[in-house]
Amino acid sequence: MPCEFVKTALPEVMLIKPQIFRDDRGFFLETFHKNKYAEGGITGNFVQDNHSHSKKNTLRGLHYQLLHPQGKLVYVISGEIFDVAVDIRRGSPSFGKWTGVHLSAENKHQLYIPEGFAHGFLVMSETADVLYKCTEIYMPADDYGILWSDPTINITWQSSSPILSKKDQKYQTLNNIPETLLPLYRK
C-alpha cells in the first residue's frame with residue numbers, strides 16, 4: 001500500500017497516511033520522501049524542522065508568518081493532538097474556513113498545511129510530542145496570529161478553557177486584522 005494523500009475540507013490542506021511496515025520487532029515508515037510527496041502534490045522545499053512537547057489541554061496557535069510564510073508538514077511521535085488549519089488568504093474562496101484532524105503516535109497520520117494558512121493544535125493526551133517540517137525559516141519579527149476562539153471561524157476545539165501562552169491570548173479575531181497583515185490568495 002503506497003502513501004495515501006487525502007484532501008481535507010480545504011483542498012490545499014492534505015492529510016497524509018504513510019505506508020507502515022509492521023512486524024514482531026515494531027514498525028518502519030517514511031516520514032518524508034521528496035519525490036513521493038511531490039507526486040502527492042506537496043512540493044515545498046523544507047528548510048527547518050521543529051519539535052514541540054506539550055501537556056494535555058495546551059493549545060498552540062493560531063500562528064502564521066506573512067513575509068516569510070511557512071508551509072508545514074506536521075506529525076506526532078507521542079500522544080495525540082487535534083491539528084487545525086485556517087485559510088486566511090485574502091480573496092480565497094475558502095477565506096475564514098477551517099479544517100481539523102486528529103494526529104497521533106498511534107495513527108501516524110500527517111497534515112500538510114500550505115503557506116497562507118494559520119496553524120494551531122490542541123493536545124488531547126497527557127503529553128504530546130509534535131514534529132513539523134517548515135518550508136521557510138522562522139522569523140520572530142514576522143510572527144502573527146489569530147485568536148484561537150474567534151467566533152466567526154468557530155473552530156470546534158474540544159476544550160473551552162485550554163492552556164494558552166500570553167502571546168496566544170492577545171491575538172485579535174480575523175475580522176479585526178488589517179488586510180495588509182493577511183496573505184493574498186494566488187490561484
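Because the structure is predicted, anything quoted here is derived from the model rather than measured.
Ring-centre distance between F32 and Y37: below the 6.0 Å cut-off.
With a 6.0 Å radius and a threshold of 12 heavy atoms from other residues, nucleotides or ligands, E179 has its CD atom at or below the threshold. Counting non-hydrogen atoms of other residues, nucleotides and ligands closer than 6.0 Å to NZ of K108 gives a total above 12. When the shell of 6.0 Å around NZ of K170 is examined, it contains 12 or fewer heavy atoms from other residues, nucleotides or ligands. Summarising the local packing, CD of E106 is surrounded by 12 or fewer heavy atoms from other residues, nucleotides or ligands at distances under 6.0 Å.
Under the 4.5 Å side-chain heavy-atom criterion for ILVMFWY residues, a single connected hydrophobic cluster contains both F95 and V84. Tracing side-chain contacts under 4.5 Å through hydrophobic residues (I, L, V, M, F, W, Y), one reaches V86 starting from L164; they form part of the same cluster. L10 is connected to V101 through a chain of hydrophobic side-chain contacts under 4.5 Å among Ile, Leu, Val, Met, Phe, Trp and Tyr, so both are in one cluster.
The shortest heavy-atom contact between T156 and F82 is O-CE2, 3.3 Å. When all heavy atoms are compared, the tightest approach of D87 to S94 is OD2-OG, 2.5 Å. Residues T99 and A9 share a closest heavy-atom pair of OG1-N, 3.8 Å. The two residues E80 and S125 come nearest to each other via the heavy atoms N-OG, 2.8 Å. Across all non-hydrogen atoms, the minimal contact from D143 to K167 is OD2-NZ, 2.8 Å. Nearest heavy-atom pair across V13 and P114 is CG2-CD, 3.9 Å.
Counting heavy atoms from C-beta outward, H63 and Y171 have side chains that approach closer than 4.5 Å. Residues R89 and E12 are in side-chain contact: their nearest non-hydrogen atoms beyond the backbone lie under 4.5 Å apart. You'll find the side chain of Q19 stays beyond 4.5 Å of the side chain of K36, heavy atoms only. Side-chain contact between L103 and L15 is present, with heavy atoms from C-beta onward closer than 4.5 Å. The closest side-chain heavy-atom distance from E30 to C3 is not below 4.5 Å.
In this structure, the side chain of W148 does not engage the main chain of P162 through any donor-acceptor pair within 3.5 Å. Looking only at distances, no side-chain donor or acceptor of D49 sits under 3.5 Å from a matching main-chain atom of L131. At least one donor-acceptor pair closer than 3.5 Å links the side chain of D150 to the backbone N or O of L174. Q70 contributes no side-chain N or O that, together with a main-chain N or O of Q65, makes up a donor-acceptor pair within less than 3.5 Å. A donor-acceptor pair under 3.5 Å is formed between the side chain of D168 and the backbone N or O of G61. In this structure a side-chain-to-backbone donor-acceptor pair under 3.5 Å is missing from N50 to C134. The backbone N or O of T31 sits less than 3.5 Å from a side-chain atom of Q110, completing a donor-acceptor pair.
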Kindly determine whether K7 and M14 satisfy side chain to side chain contact (heavy atoms under 4.5 Å, CB included), including the steps that lead there.
-> CA-CA 5 Å; K7 291 185 178 186; M14 193 81 64; 4.1 Å; yes
Let me see the working for E115 and T135 under side chain to side chain contact (heavy atoms under 4.5 Å, CB included), right down to the final yes or no.
-> CA-CA 8 Å; E115 298 171 355; T135 59; 3.3 Å; yes
* Run the side chain to side chain contact (heavy atoms under 4.5 Å, CB included) check on H119 and V74 step by step: do they pass? -> CA-CA 10 Å; H119 173 244; V74 183; 3.8 Å; yes
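With 3.5 Å as the limit, one finds a donor-acceptor pair spanning the side chains of D129 and H51.
Exactly one residue among L147, I155, I88 makes a side chain to side chain contact (heavy atoms under 4.5 Å, CB included) with L62. That residue is I155.
Aromatic ring pairs are classed by plane angle as parallel below 30°, tilted from 30° to 60° and perpendicular above 60°; the pair Y64 and Y144 is parallel.
Taking CG from N175 and OG1 from T152, the interatomic distance works out to 4.5 Å, rounded to the nearest 0.5 Å. For the atom pair NE2 (H53) and OG (S78), the distance works out to 7.0 Å, reported to the nearest 0.5 Å.
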